[in-house]
Structure formats: C-alpha cells, structure tokens
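In what follows, a structure is listed as structure tokens, so that the remarks can point back to it.
We're numbering straight along the sequence, starting at 1.
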Amino acid sequence: MPFLATALDRVKPSATIAVTDKARELKAAGRNVIGLGSGEPDFDTPANIKLAAIHAVEAGKTKYTAVDGIPELKEAIIAKFQRENGLTYKPNQIIVGTGGKQVLYNALMATINPGDEVIIPAPYWVSYPEMVALAGGESVPVVCTAEHGFKLQPAALEAAITPKTKWIILNSPSNPTGAAYSRAELKALTDVLVKHPHVWVMTDDMYEHLVYDDFKFTTPAQIEPSLIDRTLTVNGVSKAYCMTGWRIGYAGGPSPLIKAMATIQSQSTSNPCSIAQWAAVEALNGPQDFIPANNKVFKERRDLVVAMLNQATGIDCPRPEGAFYVYPSCAGTIGKTTPGGKKLETDQDFVTELLEAEGVAVVQGSAFGLGPAFRISYATKTSDLEEACKRIQRFCGNLR
C-alpha cells in the first residue's frame with residue numbers, strides 16, 4: 001500500500017516556484033543569473049505599513065484572532081470594496097486568509113464535489129487547475145488566443161458551460177499575460193453568466209491597482225449586481241502594497257459560502273498572522289499615493305521589455321494592460337537549433353536553453369496552458385530587465 005495520497009497524482013508542482021528556485025540555486029553556485037520568474041514587486045513595503053506592524057507587536061497584538069480575520073481588518077476591507085468597487089458587504093460576508101491563494105483554495109474545497117467542472121480561461125495562473133484537482137473537481141480550460149488579447153470570448157464561455165459547471169475563475173489583470181478586461185468585455189461575459197444561474201463566479205482581482213494607460217478596472221459583481229449572490233470577489237495586499245511575504249488575502253461573498261470557507265480554514269491554518277493583519281489595516285486605510293508612483297515605474301519597465309523583446313528574432317510580445325507580466329510568443333524560434341546543436345521543439349526547450357546559455361530564468365507558456373510562449377515578470381530593477389532582454393536578443397539571434 002503506497003504511503004502518499006493518490007490525490008498527489010493529480011497535482012503538479014508550481015512551475016513558477018520551480019523556476020525561481022532553480023535561478024536561486026544557480027546564483028548560489030556562482031552563475032550570473034537574472035531571475036524573471038517570480039511575481040513579486042521589488043519595491044519595499046511602505047514605511048507606514050511596516051510601522052503599523054511594529055506598533056502591533058509593541059501593543060501585544062500577537063495572540064490568536066478570529067479565524068476569519070480581526071474586525072478592524074474586515075471593516076477596512078468592507079470600506080475598500082465600497083469605495084473602490086461599489087460593492088456592499090457585511091462582516092459575515094468577508095473572510096481574511098493567509099494570502100489570496102488560501103482564499104481561493106478554501107472556496108474550492110468548500111464547494112467542489114467529484115465531477116464538478118470549473119471553467120478556467122487559458123493562459124491561467126498555474127495554481128488554478130491544481131487547486132481544482134486537489135478539491136476533486138475537473139478543470140475546463142478555454143484557450144484565449146493573442147488575437148483576442150488573451151481574453152475569454154462570450155461565445156467560448158457559452159460553449160464551455162455544462163450542467164456540471166460549478167465555477168468560472170476570472171483573473172483580471174491576468175497572471176500570466178497582463179491582459180485586463182474592459183467594462184464592455186466583462187459585461188459581455190456577465191450577460192452570458194446571468195443566463196446560467198447554477199454557475200458561480202470566482203474573480204481573482206489581486207492585480208486590480210496595477211493597470212496602465214488610463215485603463216479603468218472593474219469587477220464582475222460591480223458590473224452585474226444580480227451576480228453578487230453567486231460571486232466570490234478575491235483580492236489581497238500582496239502585489240499593489242508590496243506585501244508578498246506578509247501573506248494576507250481576502251474575499252467578499254455570500255455569507256453561507258464565507259462561513260463554509262471559514263470552517264475549512266478553522267481546521268487547517270486557523271487565523272492569519274495577527275501582526276500582518278494589523279499591517280493590512282493600515283495598507284487599506286492609509287495613504288495610497290505610492291501606488292501610482294510604483295505604477296509609473298512598472299509602466300516604464302513594461303514599455304522597455306515589450307520594445308526590446310519585439311526586436312528579438314522569432315519573438316512576438318503583445319503589450320498588456322496591467323499586472324507586471326508580459327507573455328511573448330516564441331513560436332518563431334521553434335524548430336531552430338542552438339549553437340550547441342539542441343533543436344528547440346517546445347517552449348520548455350526554449351526556456352531551458354535560454355537559462356543554460358544566457359542565464360535568464362523565465363517560465364514556459366505551456367505551464368500556463370498556452371504555448372509556445374514564455375512569461376516574464378518585470379517586477380525587478382530596470383537595469384536587470386534591460387540586460388536580460390539583451391541576452392534574449394542574443395540567444396534568439398544565435399539560433400539557426
């Protein structure tokens with residue numbers, strides 16, 4: 001009898017974490033490696049947020065809290081949803097978790113039965129299908145091509161819905177593509193969802209504030225209020241507030257779902273870190289002026305990376321609306337051969353040989369459900385991005 005659970009047979013390790021770990025190992029071994037695999041801002045957590053955490057420690061706010069979050073953070077989240085999204089929630093409709101990933105996982109674990117289907121537009125964040133699999137459900141990827149801006153089309157959504165559909169997961173701006181849905185594009189999707197009352201909507205809005213070129217963010221429950229009773233709106237402080245290591249995510253949704261998610265959390269991790277919760281209160285209630293300042297730098301980096309990658313032979317890099325990723329196609333390199341004699345047959349080959357030859361770590365598009373492509377995170381210092389793009393240009397130029 002095998003010792004490990006058969007559920008592990010359904011799950012693959014995170015490709016993004018694997019790339020980051022590999023880059024770290026090579027650096028430790030003395031290689032000059034530029035890691036562009038991690039979706040983590042290089043900016044420090046703002047001083048006022050760090051100070052709030054220090055004050056929480058000094059005040060002895062280091063004990064267990066309510067499983068689903070302290071009242072003060074729930075109130076800050078309620079105010080945020082009302083202020084920024086026009087969504088009204090009560091405290092029993094809010095949950096705080098150890099990062100957005102736990103919130104998503106709790107929701108799936110609390111709702112998925114064997115055979116339930118979850119529609120996931122592809123390219124997708126690598127964890128979505130794996131979490132569905134762990135919960136015992138079936139992922140239904142729907143390919144969204146570059147020609148459609150990597151965005152789900154209403155007809156494709158309609159075609160993917162079956163009587164077994166439990167959820168659709170929408171992520172805007174997107175990890176890995178940076179694609180963001182306009183209000184009109186979301187309205188076209190919510191018009192479809194209104195016709196299918198058995199389908200619930202999970203929106204991952206983690207990159208909400210990271211948008212460029214006057215793009216206006218909206219979320220499905222904001223656009224179609226009739227969906228709010230079957231929508232879980234997920235967000236967190238990791239990306240816009242530069243608090244990845246603090247591990248605070250949250251969501252608003254119908255109270256029966258929130259209660260079920262809290263039950264799951266109560267028997268797994270219990271409450272999120274008390275100190276991080278108090279820091280998140282300050283993040284949501286405090287000054288927000290650093291966000292546009294950071295976004296200005298992100299936009300400059302995006303424009304630099306897009307321009308330089310489009311000068312690389314065989315690479316086609318669309319310009320995204322948000323987040324801090326680009327998702328270039330490397331189709332023009334497939335079938336070519338490296339100077340060392342390796343023929344590139346897949347995007348996995350491309351990223352492997354790029355790392356070996358030039359010391360640039362990126363993530364293959366096939367890990368996100370659509371290749372041949374690769375994802376670059378431009379949440380790193382500009383000089384490293386410029387050097388990495390020069391190396392990619394050189395690598396592509398040397399292919400024959």
Side-chain angles (χ1 to χ4, degrees), residues 68 78 81-82 85-95 100 103-122 124-125 128-129 131-144 148 151-172 174 180-206 208 217-235 250-264:
D68 55 353
I78 289 169
F81 276 133
Q82 184 65 60
N85 309 113
L87 299 175
T88 301
Y89 293 108
K90 299 176 182 177
N92 67 349
Q93 295 176 303
I94 299 294
I95 188 169
V103 174
L104 296 164
Y105 181 78
N106 287 347
L108 293 168
M109 291 298 293
T111 58
I112 294 294
N113 292 309
D116 285 346
E117 296 176 350
V118 179
I119 295 172
I120 306 176
Y124 44 68
W125 181 39
Y128 293 147
M131 289 190 285
V132 170
L134 276 171
E138 301 293 334
S139 294
V140 180
V142 180
V143 171
C144 306
H148 289 130
K151 299 173 193 178
L152 180 64
Q153 300 301 295
L157 171 58
E158 182 75 60
I161 294 173
T162 75
K164 294 182 178 180
T165 305
K166 177 67 69 77
W167 288 98
I168 176 173
I169 301 178
L170 293 173
N171 175 211
S172 172
S174 159
Y181 290 86
S182 69
R183 187 181 190 94
E185 289 166 336
L186 274 183
K187 181 64 168 64
L189 296 179
T190 60
D191 284 349
V192 173
L193 293 166
V194 165
K195 298 185 294 183
H196 299 278
H198 69 291
V199 179
W200 282 58
V201 185
M202 189 179 296
T203 71
D204 182 349
D205 297 347
M206 190 63 71
E208 169 184 2
F217 174 86
T218 47
T219 195
Q222 177 182 10
I223 290 172
E224 182 48 70
S226 69
L227 290 178
I228 196 166
D229 289 336
R230 52 185 169 106
T231 297
L232 184 71
T233 302
V234 181
N235 213 313
Y250 59 82
S255 57
L257 172 61
I258 296 297
K259 182 179 180 181
M261 292 166 62
T263 298
I264 297 288

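- No side-chain heavy atom of Pro220 sits less than 4.5 Å from a side-chain heavy atom of Leu189.
- Here the side chain of Thr165 pairs no donor or acceptor atom with the backbone of Val199 at under 3.5 angstrom.
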Please lay out, stage by stage, how Ile264 and Tyr105 fare under the test side-chain contact (heavy atoms from CB on, under 4.5 Å).
-> CA-CA 10 Å; Ile264 297 288; Tyr105 181 78; 5.5 Å; no
Show your reasoning for whether side-chain contact (heavy atoms from CB on, under 4.5 Å) applies to Glu117 and Ile161.
-> CA-CA 9 Å; Glu117 296 176 350; Ile161 294 173; over 6 Å; no
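- A heavy-atom distance below 4.5 Å is found between the side chains of Leu152 and Ile168.
- The distance from atom OH of Tyr89 to atom CD1 of Ile228, rounded to the nearest 0.5 Å, is 4.5 Å.
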Tell me, with the steps shown, if Leu170 and Asp204 meet side-chain contact (heavy atoms from CB on, under 4.5 Å).
-> CA-CA 6 Å; Leu170 293 173; Asp204 182 349; over 6 Å; no
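- Applying the salt bridge (charged side-chain N to carboxylate O under 4.0 Å, His left out) rule to pairs touching residues 182-191 yields Lys151-Glu185, Lys187-Asp191, sequence neighbours excluded.
- Annotation: side chain of Val118 is not in contact with side chain of Val140 (no heavy-atom distance under 4.5 Å).
- Taking OG1 of Thr233 as the start and OH of Tyr250 as the end, the distance is 10.0 Å to the nearest 0.5 Å.
- Two residues are said to be in side-chain contact when any heavy atoms from C-beta on lie closer than 4.5 Å; Met131 and Trp125 meet this criterion.
- Annotation: side chain of Asn171 is in contact with side chain of Tyr128 (closest heavy-atom distance under 4.5 Å).
- Residues Phe81 and Ile94 form a side-chain contact, since some pair of their non-hydrogen atoms from C-beta on lies under 4.5 Å apart.
- For the pair Asn235 (side chain) and Asp205 (backbone), a donor-acceptor distance under 3.5 Å is present.
- By the side-chain contact (heavy atoms from CB on, under 4.5 Å) test, Gln222 pairs with Asn85, Leu87, Thr218, Thr219, sequence neighbours left out.
- Judged as a salt bridge (charged side-chain N to carboxylate O under 4.0 Å, His left out), not a single pair has a partner in residues 131-140 (not counting sequence neighbours).
- At least one donor-acceptor pair under 3.5 Å links the side chain of His198 to the backbone N or O of Thr162.
- In this model, no donor atom of one side chain and acceptor atom of the other lie less than 3.5 Å apart for Gln93 and Ser255.
- Counting all heavy atoms, side chain and backbone alike, Ile95 lies closest to Ala262 at CD1-N, 3.7 Å.
- Inter-residue side-chain proximity for Met202 and Leu108 is flagged as met; some heavy-atom pair is nearer than 4.5 Å.
- Between Trp167 and Thr111, the side chains place a donor N or O and an acceptor N or O closer than 3.5 Å (distance only, hydrogens not considered).
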Output, in order, the C-alpha distance, side-chain angles, deciding distance and verdict of side-chain contact (heavy atoms from CB on, under 4.5 Å) for Leu157 and Val142.
-> CA-CA 8 Å; Leu157 171 58; Val142 180; over 6 Å; no
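- Counting only heavy atoms from C-beta outward, the side chains of Thr231 and Thr203 approach each other to under 4.5 Å.
- Side chain of Ser139 to main chain of Pro141: no donor-acceptor pair is present (N/O by atom type, distance under 3.5 Å, no hydrogens or angles).
- To the nearest 0.5 angstrom, Asn113 atom CG is 5.0 Å from Asp116 atom CG.
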